[in-house]
Undergrad: 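One structure, as structure tokens, below. Some questions next.
When a ligand or atom number is given, it counts from 1 through the structure's own listing order. By convention here, the first residue in the shown sequence is residue 1.
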Amino acid sequence: MPVDIPMTTLADGTAMPLIGFGTSSLKGRAGCEAITNALHAGYRLVDTAAQYGNEAAVGEAIRTSGIDPEQVLVTTKIAGGDQGRGTTERGLRESLRRLGLERVFLTLIHWPNPSRGLALETWRELIELRDAGLTEHIGVSNFRPEQLQELIDATGVTPEVNQIQLSPALPRHSSVAFHREKGIVTEAWGPLGGREQLSDQFAVQKVAAKRGVSAAQVCLRWAVDQGIVAIPKASSAARQAANLDLTSIHLDDEDRRLLDSVDLGEERAWDSREHEEW
Ligand SMILES: NC(=O)c1ccc[n+]([C@@H]2O[C@H](COP(=O)([O-])OP(=O)(O)OC[C@H]3O[C@@H](n4cnc5c(N)ncnc54)[C@H](OP(=O)(O)O)[C@@H]3O)[C@@H](O)[C@H]2O)c1
């Protein structure tokens with residue numbers, strides 16, 4: 001890799017970058033160019049989903065980047081409407097067709113969507129699809145600890161990753177602790193806390209000013225220091241590069257105490273017992 005990206009490991013020992021690139025809303029030609037820039041900046045973990053409508057743009061960016069596709073770790077997600085027996089396989093095969101890939105690095109169940117009760121069947125099928133080689137690793141997104149436990153109890157197979165809404169504004173302590181106990185890698189979506197206006201918070205600005213970096217870089221360093229994978233999305237090359245440039249940033253206890261003060265509480269996170277996506 002051209003830049004030094006900190007790494008974590010999945011339960012089976014596979015290395016995974018702690019900073020990846022989020023792609024939601026990056027579509028079409030402009031989206032493809034932004035994703036290509038990100039690959040050239042050094043990102044090697046790319047997060048997409050059937051629901052984002054941009055898998056073709058991600059595939060095109062990988063093909064035209066000049067980078068060995070084997071070096072690019074793609075995550076996609078099973079959409080709510082594809083959950084269930086047979087439909088999960090069809091959904092993943094459609095994602096692979098749009099991406100132009102034979103397999104992806106990681107496939108996640110996008111949301112548990114409890115009203116349909118299909119998460120467990122979907123998980124069983126993902127286990128088979130991993131065995132069949134269509135996806136190297138499998139996990140979930142937006143699952144609460146009890147929703148994860150249900151999958152584990154029923155199948156004996158623990159999701160390798162849970163991608164959840166997480167930033168200093170929503171530190172998700174109980175989920176992160178549960179993941180650690182089970183050997184699940186925590187991945188943060190919305191890591192810059194834009195929905196929570198996190199960069200306007202005095203505490204974040206104070207740490208950023210003290211360290212001479214941006215609020216975004218403070219949030220990303222905070223996640224990486226906990227072994228949490230963060231997948232910031234940025235359109236411009238300058239922000240993409242800045243979000244990857246964390247090696248010289250060090251947060252101390254005083255910084256972490258300040259960042260603790262912006263915690264809005266678990267109830268402010270989107271609640272996957274009620275929030276569903278299709
Ligand atoms: N699993 C799920 O349910 C789920 C849900 C939401 C998102 N995701 C994934 O997570 C990724 C990231 O989440 P997100 O896109 O919601 O939020 P995010 O990455 O926290 O924030 C993205 C926003 O921050 C801006 N930004 C990026 N870098 C910046 C910087 N250095 N300084 C100031 N602003 C900066 C971006 O602006 P510009 O683009 O204009 O640069 C964009 O408006 C998504 O792209 C998607 O892949 C997953």
Side-chain angles (χ1 to χ4, degrees), residues 17-27 30-31 33-35 37-38 41 43 45-55 57-58 61 73-80 83 95 99 104-113 119 139-144 147 159 161-172 175 185-201 204-205 208 211-224 228-246 249 269-272 274-278:
L18 279 161
I19 296 286
F21 187 65
T23 67
S24 70
S25 82
L26 295 176
K27 292 185 188 181
E33 278 169 18
I35 298 161
N37 285 342
Y43 290 87
L45 176 68
V46 178
D47 185 79
T48 183
Q51 208 180 307
Y52 300 164
N54 71 354
E55 289 171 310
V58 170
L73 310 181
V74 175
T75 301
T76 193
K77 311 188 191 83
I78 302 297
Q83 285 195 14
S95 288
L99 285 159
V104 283
F105 173 69
L106 175 65
T107 306
L108 309 176
I109 303 176
H110 205 145
W111 282 87
N113 288 3
V140 296
S141 181
N142 300 301
F143 276 55
R144 295 167 53 87
Q147 294 168 327
V161 172
N162 188 17
Q163 184 184 115
I164 57 172
Q165 185 183 20
L166 186 149
S167 71
L170 297 167
R172 315 297 303 273
S175 281
V185 167
T186 304
E187 188 172 36
W189 67 258
L192 308 182
R195 290 169 186 79
E196 295 75 36
Q197 285 84 44
L198 184 54
S199 62
D200 295 343
Q201 289 291 325
V204 177
Q205 290 178 356
R211 299 293 169 192
V213 299
S214 68
Q217 287 171 308
V218 168
C219 294
L220 295 172
R221 184 77 246 178
W222 171 90
V224 164
I228 294 170
V229 177
I231 46 168
K233 171 248 168 188
S235 307
S236 73
R239 281 178 170 179
Q240 291 171 2
N243 293 347
L244 210 49
D245 181 20
L246 306 176
I249 304 170
W270 293 7
D271 186 341
S272 59
E274 284 150 21
H275 181 92
E276 304 198 334
E277 292 197 7
W278 304 93

Undergrad: Would you indicate whether the side-chain heavy atoms of P171 and W222 approach each other to under 4.5 Å?
TA: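 When only atoms from C-beta onward are counted, P171 and W222 do touch, with a gap below 4.5 Å.
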
Undergrad: State, yes or no, whether a side-chain contact exists between L106 and Q163 at a heavy-atom distance under 4.5 Å.
TA: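 Counting from C-beta outward, L106 and Q163 never come under 4.5 Å.
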
Undergrad: Identify the protein heavy atom lying closest to atom 11 (C) of ligand 1, giving its residue, its atom name and the separation to 0.1 Å.
TA: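 Scanning the protein heavy atoms, the shortest distance from atom 11 (C) of ligand 1 goes to I231 O, 3.2 Å.
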
Undergrad: Is it the case that the side chains of E55 and S95 hold a donor-acceptor pair, with the cut-off being a distance below 3.5 Å and no angle test?
TA: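 Indeed, the side chains of S95 and E55 share at least one donor-acceptor pair under 3.5 Å.
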
Undergrad: With heavy atoms of H110 as the reference, note each atom of ligand 1 found under 4.0 Å away.
TA: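 Numbered from 1, ligand 1 contributes 1 (N), 2 (C), 3 (O).
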
Undergrad: When you measure from atom 25 (C) of ligand 1 to every protein heavy atom, which one gives the shortest distance, and what is it?
TA: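 Of the protein heavy atoms, R239 NH1, 3.9 Å lies nearest.
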
Undergrad: Does the Q240 side chain pair with the main chain of F21, one donor and one acceptor, at a distance under 3.5 Å?
TA: no

Undergrad: Below 4.0 Å from ligand 1: does a non-hydrogen atom of G190 turn up there or not?
TA: yes

Undergrad: I'd like to check which ligand 1 atoms, numbered from 1 as shown, lie under 4.0 Å from a non-hydrogen atom of W111.
TA: 3 (O)

Undergrad: One residue to check: S141. Relative to ligand 1, which of side chain, backbone, both or neither has a non-hydrogen atom less than 4.0 Å away?
TA: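 Just the side chain.
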
Undergrad: Are V140 and L108 packed together at the side-chain level, in the sense that at least one heavy-atom pair is separated by less than 4.5 angstrom?
TA: no

Undergrad: Please write down residue, atom name and distance for the protein heavy atom closest to atom 44 (C) of ligand 1.
TA: S24 OG, 3.4 Å

Undergrad: Which of the atoms in ligand 1, numbered in the order shown and given with their element, are less than 4.0 Å from a heavy-atom of D47?
TA: 9 (C), 46 (C), 47 (O)

Undergrad: Measuring from non-hydrogen atoms of Y52 to any atom of ligand 1, is the shortest distance under 4.0 Å?
TA: yes

Undergrad: Identify the protein heavy atom lying closest to atom 31 (N) of ligand 1, giving its residue, its atom name and the separation to 0.1 Å.
TA: N243 OD1, 2.9 Å

Undergrad: Strictly distance-based, threshold 3.5 Å: is any side-chain N or O of Q205 a donor or acceptor partner for the main-chain N or O of S199?
TA: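 Pair found, side chain donor or acceptor close to backbone of S199.
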
Undergrad: May I ask you to list the atoms of ligand 1 that are less than 4.0 angstrom from any heavy atom of L192?
TA: 20 (O), 21 (O), 24 (O), 26 (N), 27 (C), 28 (N), 29 (C), 35 (C)

Undergrad: Can you name the atoms of ligand 1, numbered from 1 with element, that are less than 4.0 Å from a heavy atom of P232?
TA: 19 (O)

Undergrad: Classify the contact between T23 and ligand 1 as side chain, backbone, both or neither, using a heavy-atom distance cut-off of under 4.0 Å.
TA: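 Contact part for T23 vs ligand 1: backbone (N, CA, C, O).
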
Undergrad: Taking C-beta and beyond as the side chain, do P191 and C219 meet within less than 4.5 Å on heavy atoms?
TA: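 No, too far: nothing below the 4.5 Å cut-off.
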
Undergrad: Please work out which of K233, R195, Q51 has its closest non-hydrogen atom nearest to atom 16 (O) of ligand 1.
TA: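 The residue whose heavy atom sits nearest atom 16 (O) of ligand 1 is R195.
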
Undergrad: How far apart are the C-alpha atoms of W270 and N142, what are their side-chain angles, what is the distance that settles it, and do they pass the side chain to side chain contact (heavy atoms under 4.5 Å, CB included) test?
TA: CA-CA 8 Å; W270 293 7; N142 300 301; over 6 Å; no

Undergrad: What atoms in ligand 1 come closer than 4.0 Å to a heavy atom of N142?
TA: 1 (N), 2 (C), 3 (O)

Undergrad: Find all atoms of ligand 1 within a distance of less than 4.0 Å from any non-hydrogen atom belonging to A216, and give their numbers and elements.
TA: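 Heavy-atom distances to A216 below 4.0 Å select 30 (C), 31 (N), 32 (N).
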
Undergrad: How many angstroms lie between OG1 in T76 and CG in L99, if you round to the nearest 0.5 Å?
TA: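 Going from OG1 on T76 over to CG on L99, the span is 6.0 Å.
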
Undergrad: Can you tell me if Q217 uses its side chain to pair, donor with acceptor, with the backbone of A242 under 3.5 Å?
TA: yes

Undergrad: Just to confirm my output: which protein heavy-atom neighbour is closest to atom 5 (C) of ligand 1, and how far is it?
TA: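 That would be W189 CD2, 3.2 Å.
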
Undergrad: So for P191, does at least one of its heavy atoms come nearer than 4.0 angstrom to any atom of ligand 1?
TA: yes

Undergrad: Is it the case that the side chains of H110 and Q51 hold a donor-acceptor pair, with the cut-off being a distance below 3.5 Å and no angle test?
TA: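 Yes, because at least one side-chain N or O of Q51 sits under 3.5 Å from a partner of the opposite role on H110.
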
